[in-house]
S.K.: 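The following block contains the structure, expressed as structure tokens.
One-based numbering, in listed order, for ligands and for the atoms of each.
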Amino acid sequence: MAEFNPKTVGLGYVALGSTDPARAVAHYRDVLGLTETGSEGGATYLSLCGAHHDIVVTKASEKSFVHQGYQLRADIELAAFAKELGAAGFAAQIKSDSQPGVAKLVEIDGPGGVTFQFYKEMERSVAPATPAGIAPLRLGHVAIISPEAAKLFAFYRDVLGFHYTDDIAELAFFLTCNRDHHVVNLVGLPDSRVHHIAFELRDGSDQVRAADILARNGAPTLWGPSRHGAGHNLAGYHHAPDKVMIELYTQMDVYLPALGQHEPRPWHEDYPMVPKSWPLEKMSVWATEFNFNIAMG
Ligand SMILES: [Fe+2]
């Protein structure tokens, strides 16, 4: 088993380009319950639990995946990390004040044209006392579709130190840099875009509350809530504006990197539950049928 000492602690934020940013912002703010923390340079910043931003929405001529941000481990220096990225073949740029809330970051164009930002610290404030809407606990993971998924996989594993934790039919590959089953999910298809963005909810009853809020706001649940095989998360999906797929989940597998296995759960198929390739038909272990093409988002 590979050593587990990843460079990053988790996914910090995802920035999306939208043809109708006001409509997209309204969904993240009023339905999902993120708080608007600022608007600058045509971008709107939205936050959960006191982070300056978890989601950024910018005006674009078409729906786009602008960048994603990862927080670096406390003991890693930004300049040293930029050099490491350079040695791995990526032209790293150190940027100051490129966005509010993050004073300094390192940016690269990663495999498949995916833009990565790495930062040490983000401004934080007190979380709103009574969040509106669904109010997820936190941003959990992003799923990325790319024809360069294999190169992205190698980057996450070999440069950032993530562990592989499962795959679905060798089409979708899950990797983590913390105790979540996955922090990123890489889907190898010809398109280049976000497949979905996932937020963690409190528990199963929150799934029901979320489904009611979504239905009332014209963004009904497309699939689920149902339990996945890989990751065993109890997940429901809906479309935000621009057909950006959003996953709301609970009960995701907890990865134990020192053992290279997932913490046992009563709904597991294997004991111990070790990373493996899952068949497509185990997308839902409850056999919940898909009424839309979840593979394509
Ligand atoms: Fe997901």
Side-chain angles (χ1 to χ4, degrees), residues 8 10-14 16 28 32 48 54-55 65 68-70 114 134 136-146 149 152-153 156 162-189 191-204 206-207 210-211 214 219 221-240 242-255 262 265 267 273 275-286 288 290-297:
T8 65
L11 177 66
Y13 54 88
V14 176
L16 301 166
Y28 293 109
L32 278 165
L48 280 167
D54 296 83
I55 295 290
F65 179 20
Q68 51 176 341
Y70 291 89
V114 176
I134 293 167
L137 288 177
R138 64 187 185 111
L139 176 67
H141 63 268
V142 62
I144 302 168
I145 298 183
S146 172
L152 276 166
F153 181 94
Y156 277 102
F162 282 47
H163 270 192
Y164 155 83
T165 53
D166 269 327
D167 68 77
I168 300 174
E170 297 186 2
L171 177 70
F173 289 84
F174 300 92
L175 295 118
T176 193
C177 63
N178 54 36
R179 280 164 57 83
D180 292 349
H181 175 271
H182 54 285
V183 171
V184 68
N185 170 4
L186 303 171
V187 183
L189 285 171
D191 223 355
S192 294
R193 60 187 172 87
V194 165
H195 180 276
H196 66 267
I197 297 167
F199 295 96
E200 186 177 12
L201 299 178
R202 289 152 205 246
D203 54 28
D206 221 20
Q207 293 276 13
L214 290 171
T221 303
L222 299 165
W223 178 79
S226 186
R227 191 180 299 288
H228 282 306
H232 293 92
N233 35 328
L234 191 53
Y237 296 83
H238 73 273
H239 275 149
D242 300 306
K243 271 197 157 183
V244 172
M245 192 147 75
I246 303 290
E247 174 189 348
L248 300 172
Y249 72 91
T250 55
Q251 299 182 3
M252 178 180 277
D253 279 351
V254 173
Y255 183 57
H262 305 298
R265 290 289 180 270
W267 42 78
M273 192 80 236
K276 67 174 187 180
S277 189
W278 291 79
L280 272 176
E281 58 271 24
K282 288 289 176 191
M283 190 81 89
S284 165
V285 294
W286 294 352
T288 310
F290 304 108
N291 289 321
F292 79 114
N293 189 343
I294 198 171
M296 294 307 291

S.K.: For Asn233, which of Glu200, Gln251, Glu247 qualifies under side chain to side chain donor-acceptor pair (under 3.5 Å)?
M.R.: Glu247
S.K.: Under 3.5 Å, is there a donor-acceptor pair linking the side chains of Asp167 and Ser277?
M.R.: yes
S.K.: With rounding to 10 degrees, what does the angle His196:NE2 / the Fe ion (ligand 1) / His141:NE2 come to?
M.R.: 110°
S.K.: Short check: any N/O/S atom of His182 below 2.8 Å from the Fe ion (ligand 1)?
M.R.: no
S.K.: Centroid separation under 6.0 Å, is that true for the rings of His141 and His196?
M.R.: yes
S.K.: Hey, do the aromatic rings of His262 and Tyr255 have their centres closer than 6.0 Å?
M.R.: yes
S.K.: Glu247: which N/O/S atom is nearest the Fe ion (ligand 1)?
M.R.: OE1
S.K.: The Fe ion (ligand 1) to His228: any N/O/S contact under 2.8 Å?
M.R.: no
